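Nothing here was measured: the structure is a model prediction, and the numbers come from that model.
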Number of protein chains: 2
Amino acid sequence: MRRKLTQRGRDRRQQLMDCAAELFAERGYHPTAVADIVDRLGVGKGVFYWYFSSKEELLVEILRSSHHDLRRRQQVAIGDEPDPIVRIELGIRASMTWFREHRHFFNLFQFAATEERFAAVLRSNEQVAIADTVRHIKDAIVEGRIADQDPEVVAQAVVGVVEQLTRAYFFERDEPDERVANAAVSFCLRGLTG
Amino acid sequence: MRRKLTQRGRDRRQQLMDCAAELFAERGYHPTAVADIVDRLGVGKGVFYWYFSSKEELLVEILRSSHHDLRRRQQVAIGDEPDPIVRIELGIRASMTWFREHRHFFNLFQFAATEERFAAVLRSNEQVAIADTVRHIKDAIVEGRIADQDPEVVAQAVVGVVEQLTRAYFFERDEPDERVANAAVSFCLRGLTG
DNA sequence: AACAATGTTGACCATTCGGTCAAGTGACTC
DNA sequence: GAGTCACTTGACCGAATGGTCAACATTGTT
């Protein structure tokens with residue numbers, strides 16, 4: 001399966017992933033046929049199986065790379081901000097912005113959680129995200145900025161608020177402004193600090 | 001499609017829905033064939049199409065009836081509790097208990113959100129749930145118990161916390177005790193009251 | 001008993017879909 | 001220009017899968 005890819009090859013691979021991610025998000029993973037993906041790109045079916053060994057592997061790759069992208073965005077946003085509470089806030093805002101710009105991934109993550117072979121990938125992604133947040137929360141506890149509580153549980157709660165508000169306001173309605181992000185931040189920070 | 005059902009018929013229908021819900025949650029909606037459902041029940045395929053016009057209709061029915069069940073559970077738990085803040089707390093606890101006992105529905109809801117034809121049903125369900133919570137929050141605001149803020153946004157946030165903590169601790173790990181519910185309640189109440 | 005309505009069977013059908021492969025194309029090297 | 005390697009094509013295949021249906025069984029009604 002391992003292949004050497006030229007630049008052209010890497011581009012094609014990326015094209016396939018982008019195109020597939022859109023289709024999967026629009027219609028769902030199963031209802032999207034491999035033929036749909038290659039048709040939209042105007043290439044033959046063989047192209048797909050040159051770059052991916054199966055439809056399943058494609059989705060796993062998409063999940064991995066998109067999560068990687070989201071995480072980089074968070075890290076850039078946080079930069080070297082010293083205040084842990086502000087770091088959490090910046091992380092929340094960066095995530096919501098990223099999801100707004102990549103709404104298709106939201107659906108994809110949601111689907112992936114429902115079938116074990118994909119859920120495994122998702123869990124390992126989420127572990128990383130939680131670990132990042134936990135670090136900031138621990139720092140804040142050490143500094144005495146927030147109450148001493150199980151950092152992981154509150155990290156999960158923060159993730160929950162972000163995801164739900166993102167879905168409810170960015171996708172189902174269409175609130176473009178910062179009101180929602182502000183609400184998420186203030187709810188979470190109050191929830192954390194008490 | 002409308003059929004008159006005897007008691008025996010209603011039982012069969014329920015059997016099919018229960019059995020299908022389990023299989024859908026285990027393997028996913030698409031990977032579960034109608035044949036799998038009727039096989040597990042040990043009946044012929046025709047039985048399925050006597051009670052449901054399509055696999056799609058079946059899932060919609062499952063979504064409707066399970067949400068109905070969850071809501072009733074919440075209402076029973078809340079009873080005639082006068083304090084709106086306590087009502088919210090009771091609602092949170094009832095939801096988490098219900099989900100723990102009906103874990104398969106959690107997966108199902110998650111999947112349903114990813115395909116438009118099912119997402120529509122889900123949205124109308126969620127509207128009801130949000131409306132219930134919003135009512136309590138408004139009451140609490142009127143009573144001056146919590147800050148004056150957009151009740152819907154915080155209701156969404158509460159739902160997000162409940163769902164995330166339920167998934168993370170009841171399903172992915174296996175924490176049976178009340179610690180998680182307590183954490184959810186205190187995070188949400190602090191988030192609300194500030 | 002006669003008749004109708006509800007409920008059940010499982011072989012069958014049309015279609016779709018993931019995946020294969022033998023044959024080809026074009027770029028780059030020696 | 002011969003050869004190699006990355007890449008592309010699209011017809012083809014086997015294995016499901018959702019859904020149908022004519023025949024059969026059971027229950028209820030008069």
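Put simply, B/Thr6 has a side-chain N or O that comes within less than 4.0 Å of OP1 or OP2 on C/dG7.
As rounded to whole Å, 10 Å separates atom P of C/dT8 from atom CG of B/Asp11. Atoms CG (B/Leu5) and P (C/dT8) sit 10 Å apart, rounded to a whole Å. One interatomic measurement links the two molecules: CG of A/Leu59 to C1' of C/dG18, which rounds to 15 Å at whole-angstrom precision. Atom-to-atom, CG of A/Leu16 to P of D/dC7 comes out at 12 Å; the value is rounded to the nearest Å. Look at NZ on B/Lys4: it is 10 Å from P on C/dA5, rounded to the nearest Å.
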Contact string for nucleotides 8-20 of chain D, one letter per nucleotide 5' to 3', B = base within protein heavy-atom range under 4.0 Å, S = sugar-phosphate only, - = neither, reads BBB------SBBB

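Relative ring orientation between A/Trp98 and A/His102 is described as parallel, the plane-to-plane angle staying below 30° on a 0-90° scale split at 30° and 60°.
No salt bridge links B/Glu126 with B/Arg123; every basic N to acidic carboxylate O contact stays at or beyond 4.0 Å.
Taking the six-membered ring wherever Trp is involved, the centroid distance between the rings of B/Phe99 and B/Phe105 does not fall below 6.0 Å.
Using modelled atom types, no side-chain atom of A/Arg71 and backbone atom of A/Ala129 make a donor-acceptor pair closer than 3.5 Å. Side chain of A/Arg73 to main chain of A/Ala94: no donor-acceptor pair is present (N/O by atom type, distance under 3.5 Å, no hydrogens or angles). No donor-acceptor pair closer than 3.5 Å links the side chain of B/Glu115 to the backbone N or O of B/Arg117.
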